[in-house]
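The figures that follow rest on heavy atoms only: side chains count, while hydrogens, waters and symmetry mates do not.
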Amino acid sequence: MSAFALYQTLPTDDSPPVKKTPPQVVTKKRKRKENGVAVIKANALKAQLKSERKKKMRKKLQKSSPRAERQKGSAEKQQHQQGEEEEEAEEEECVNGDGEAGGEMVDTLLAELARVNNSRERASQLFRWLIHPVPVKPFFRDTWEKKPILVQRKNPHYYKGLFSTAEFDRILREEDVQYGVNLDVTSYTNGKRETHNPPGRALPFTVWNFYESGCSLRLLNPQSFSSTVWNVLSILQEQFGSMAGANVYLTPPGTQGFAPHYDDIEAFVVQLEGKKHWRVYKPRTDEEVLPVVSSKNFDQRNIGRPILEVVLEAGDLLYFPRGFIHQGDCLPDAHSLHITISSYQKNSWGDLLQKVVPAALEVAMEEDVEFRQGLPLDYLSYMGVQNSDTEDPRRIKFFSRIENLIKRLKNFAPVDAAVDQKARAFLHDCLPPMLTPEELVTSVQGASVTWECGQVVSVGARINLQTRVRVLRAECARLCSDGEAVHLYYTTDNSRVYHKEEPKSFEIQAEHTDAVEFLIHSYPEFVKVGSFPCDAAEDKVALAELLFEKGIIHTEEPL
């Protein structure tokens, strides 16, 4: 029995007191708003969706009963309506296709997703499951980056298998968990946030003593230790087109581990065990809406009243955008285990323009003499802060020239090259793909070449012109140019530890770039090596072998 399990058997009468939270008001409406925040009751929303679909169908039948009316509608309109209904039905159903959410172990769900042929569709289905029953398109249209949303499921097993306290205990016993690197021990008492990390490895005896004394535990980058979390995040990163990360938080009854603060990421709080009292506050100023960096710890007096106050129970989900201040504390009668899945850090238009504008200036100064012309001889006498209140016509002329140059700058903006810079950073951030059983036996990792009785065996199978191949994932590789050479950046050799490895890439010969582009754009279809747009058959096979050895492609059938 783990130290945590032993601790759970102890009475909780002596738990530190916390402020009594107001009881939740149970209303007859299942989908409602609390201070403008949507609160979704899973079963109720499902019934509502079905009811709305029935009403739409009834109206359609009423309108289409006369024969003349049936013939009136165009084929295009009918197809559009049918597409909308199919989309609604698809959003309503969970990944298993039976329309019922929850009650399904996460490993079973992941096994089903492994049979999905397209990694983009796999990511879409997993995200749909994560936020079910909230429809995906309305979520990104109405909620994403705008406001919090709460999903209450009354199903404690919905996320079962994603992570647990038993897994936490196993990791402490079997893995090299280092304080400050992989684990933080924290507390928040009387408005003061403290970190209690000793040096060295975090061993169960010490960690659970911290926990028993009222400290919270934050496991950083759990994907480094948990293959399930790794699998989930490696799939979701294709949904966001941005790194998907996670932290796990274990909090003792009656305590709080962190001060009120806001983050620079989009946060999905997934309650795994127990329950936790959450308070969420809107950004205090316009400058704190979608902030570039996370905040300092706030004093309770400076954050106002919460727009959402709720007790999150196992199986529930809470989403809030970056910039929304939040804090969570445990009630006296239960511990809390939750995992926060995050994404979209430094993925704004401004972050892209930080790469576009300097590059555009460099090109403009090379190609346009106006950017190279000298500043006025006397500009220091009328420009600058000390002259900002001066009414001088020369200032108006100066600003006009600046405005004109900025307008001209857009003609030199290398937007695609800047996007490639962002893409390279994304591929470096990415987790490596966790291979499905089918991918394993058709990739370099599962190649049948072995060492037996002092000899290498099963080396006869080779890639040839008839071999059918495809890239391992839709987003696992990308062609990028630095202006002189073309490199292929890829994720298949990345580490599960964030940025442990340098970015992975290699130069692609000019005569092979079309073939690599052809492969990337052909996904998810398998294509024959012989169909590569290369001049010589030897080049086609050599390129396929190189990509196979790097783990970037796999074959349709085992070699």
Side-chain angles (χ1 to χ4, degrees), residues 95 110-127 230-231 233-241 420 423-424 426-427 430-449 461-480 486-494 503-509 511-559:
V95 175
L110 293 173
E112 290 182 2
L113 288 175
R115 293 192 285 272
V116 176
N117 188 46
N118 187 329
S119 63
R120 290 192 184 100
E121 177 59 26
R122 193 179 302 157
S124 177
Q125 290 191 24
L126 182 59
F127 183 73
W230 166 31
N231 198 358
L233 297 182
S234 68
I235 294 172
L236 284 177
Q237 65 194 9
E238 286 201 35
Q239 171 70 22
F240 299 118
D420 280 346
R424 290 200 295 270
F426 168 50
L427 265 63
C430 275
L431 285 164
M434 184 172 178
L435 303 188
T436 67
E438 291 78 10
E439 290 168 343
L440 184 61
V441 298
T442 57
S443 70
V444 68
Q445 293 192 33
S448 58
V449 179
R462 294 293 186 191
I463 290 176
N464 57 51
L465 295 175
Q466 299 304 312
T467 307
R468 296 174 63 83
V469 298
R470 73 170 184 178
V471 291
L472 200 62
R473 292 285 187 278
E475 306 292 344
C476 77
R478 186 183 183 92
L479 282 172
C480 296
V486 177
H487 287 79
L488 185 67
Y489 288 79
Y490 60 101
T491 67
T492 51
D493 279 346
N494 283 2
K504 303 297 181 182
S505 70
F506 57 92
E507 187 173 345
I508 295 292
Q509 298 176 26
E511 59 269 25
H512 291 165
T513 55
D514 287 347
V516 174
E517 194 172 311
F518 166 72
L519 253 178
I520 291 172
H521 291 160
S522 296
Y523 186 86
E525 302 301 324
F526 286 89
V527 295
K528 286 184 179 180
V529 172
S531 66
F532 288 8
C534 296
D535 293 334
E538 296 81 5
D539 285 346
K540 299 177 182 183
V541 173
L543 176 61
E545 287 179 339
L546 173 62
L547 298 175
F548 183 81
E549 289 169 5
K550 295 287 187 182
I552 297 169
I553 65 172
H554 68 117
T555 57
E556 188 171 30
E557 300 293 337
L559 291 177

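Nearest heavy-atom pair, E475 versus L427, reported as atom, atom and distance to 0.1 Å: O-CD1, 4.1 Å. Shown here for N494 and C430, the closest heavy-atom pair between the two residues is ND2-O, 2.9 Å. Annotation for P432 and W230: closest pair O-NE1, 2.8 Å, computed over non-hydrogen atoms. In plain terms, the two heavy atoms of S443 and F548 that are nearest each other are C-CZ, 3.6 Å. Residue N118 comes nearest to P524 through the heavy atom pair ND2-CG, 3.6 Å, listed as atom of the first residue, atom of the second, then distance. Between T492 and G551, the shortest heavy-atom distance links the atoms CG2-O, 3.1 Å.
Atom CD of E557 sits about 11.0 Å away from atom CD of E438, to the nearest 0.5 Å. The line from NZ of K528 to CG of N464 is 10.0 Å long, rounded to the nearest 0.5 Å. Going from atom CZ of R468 over to atom CD1 of I463 covers 14.0 Å, rounded to the nearest 0.5 Å. The CG atom of L519 sits 10.0 Å away from atom CG of L479, with the distance rounded to the nearest 0.5 Å. We find the CD1-CG distance between I553 and L546 to be 9.0 Å, quoted to the nearest 0.5 Å. To the nearest 0.5 Å, atoms NE2 (H512) and CD (E517) are separated by 14.5 Å.
Residues T491 and P433 form a side-chain contact, since some pair of their non-hydrogen atoms from C-beta on lies under 4.5 Å apart. Looking at Q125 and L113, their side chains come closer than 4.5 Å, going by heavy atoms from C-beta outward. Residues E511 and C534 form no side-chain contact, since every pair of their non-hydrogen atoms from C-beta on lies 4.5 Å or further apart.
When atom types are taken as modelled, the side chain of E439 and the backbone of H554 share no donor-acceptor pair closer than 3.5 angstrom. At distances below 3.5 Å, not a single donor-acceptor pair connects side-chain atoms of N231 with backbone N or O atoms of M434. Under a 3.5 Å cut-off, the side chain of Y523 and the backbone N or O of S119 do form a donor-acceptor pair. A donor-acceptor contact shorter than 3.5 Å links the side chain of K540 to the backbone of G530.
Among I508, I552, V486, the single residue meeting the side-chain contact (heavy atoms from CB on, under 4.5 Å) criterion with V516 is I508. Just one residue in the list L236, I235, L233 forms a side-chain contact (heavy atoms from CB on, under 4.5 Å) with L431, and that residue is L233.
In this structure, K550 is positioned above the aromatic face of F506, its NZ or CZ under 6.0 Å from the six-membered ring centre and within 45° of the axis.
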Working for salt bridge (charged side-chain N to carboxylate O under 4.0 Å, His left out), residues R470 and E556: CA-CA 8 Å; R470 73 170 184 178; E556 188 171 30; over 6 Å; no

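Contacts of S505 classified as side-chain contact (heavy atoms from CB on, under 4.5 Å), with partners at least two apart in sequence or in another chain: H487, Y489.
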